[in-house]
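For reference, the structure discussed in these notes is given below.
Both backbone and side-chain heavy atoms feed into the values below; hydrogens, waters and symmetry mates do not.
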Amino acid sequence: MQIALVAVVLLAGMWFTVLKPKPDDGSSSAPVAAAPAATPATPKASSEPVAPGVKGLTSAIDKAKGASKTSDAANAKIESATGSPSAATKAAAVKTKTPVAKAAPTAAARKSGTKAATQKAAAARPATPAKPATPVDPSDRLLAYLGKGKTLVILFYGKSADDASARKAVHRTALADPKHVVSAYVPIADVGHYSAITSDVDIVTFPTILVIGTDRKATALTGYADAGTVEQAVGDARRNAAAAAKANAK
């Protein structure tokens, strides 16, 4: 604008000094009224003469406006295409940035946090020692045969030759009368597991053969024993049990 004002002043000066028409020699010598001062205005594109410098100044101003509009349009296109604000918009946003409030945790997030805290607390607690399992006495499985009218023949054996002979004798006795005799074989080291059977009988040597009748009375055969000896003990146990049952019935 300052340059435009200077150009207008120069134009007015040139009017009074150079461009002003001279009066004819025969004309009146009366002074000519001075032309009114020109009002500053934006020069329009026309065929009238333009003062030196004004045309270039006007072109520069128009180019500057056009460049500004082009830049604004380009920024708008970039923002629309990428979804991000232009540099000028970012600068304005930085100056007027408003703090964003943190979103409250959702119900699922609260539930997940509570579950994680519970698991962490459970892991921090000392583990409760597991109760030792109650040992199962295998005697119960064998004694159940007594209720079915069977006679038990149980061999507690070691590794000697007498143990091998006692094993054969027990096996033959069970094969001879499978309807009334049930045989079992227990290593001498496992005697303590059969407390229900050995509580009233001392098993201190091996081999030891226990013959138990249906009346739950036990007869112990220790040392060497053949099949005849075992069969005799089984017969005695069956007769004694039958007599006890008959006496109880009276």
Determine the minimum heavy-atom distance between [X] and [Y], stating which atoms define it.
| X | Y | answer |
| --- | --- | --- |
| Ala169 | Ala227 | CB-N, 3.4 Å |
| Ala241 | Thr214 | CB-OG1, 3.1 Å |
| Ser199 | Ala196 | OG-O, 3.9 Å |
| Ala174 | Val181 | CA-CG1, 4.0 Å |

*Are Asp177 and Arg238 close enough for a salt bridge, meaning some N to O gap below 4.0 Å?*
yes

*Is Leu210 isolated, or which residues cluster with it under the ILVMFWY side-chain rule of less than 4.5 Å, directly or via members?*
Leu142, Leu143, Tyr145, Leu146, Leu152, Ile154, Phe156, Val182, Val186, Ile188, Val191, Tyr194, Ile197, Val201, Ile203, Phe206, Ile212

*asked:* Any donor-acceptor pair under 3.5 Å linking the side-chain atoms of Asp163 with those of Ser160?
replied: yes

*Please answer: with hydrophobic residues joined when any side-chain heavy atoms are less than 4.5 Å apart, are Tyr185 and Leu175 in the same cluster?*
no

*Are Tyr224 and Tyr157 grouped together when hydrophobic residues (ILVMFWY) are joined by side-chain heavy atoms under 4.5 angstrom apart?*
no

*For His180, does the NE2 atom have more than 12 heavy-atom neighbours from other residues, nucleotides or ligands under 6.0 Å away?*
yes

*Within a reach of under 6.0 Å around CG of Asp200, are more than 12 heavy atoms found that belong to other residues, nucleotides or ligands?*
no

*In Å, rounded to the nearest 0.5 Å, how long is the span from OG of Ser183 to CZ of Arg172?*
13.5 Å

*How many angstroms lie between CG in Asp202 and OG1 in Thr222, if you round to the nearest 0.5 Å?*
12.0 Å

_Ile209 and side-chain contact (heavy atoms from CB on, under 4.5 Å): which single residue from Thr173, Thr219, Thr229, Leu155 fits?_
Leu155

_Whether Lys150 side chain and Lys179 backbone form a donor-acceptor pair below 3.5 Å_ = yes

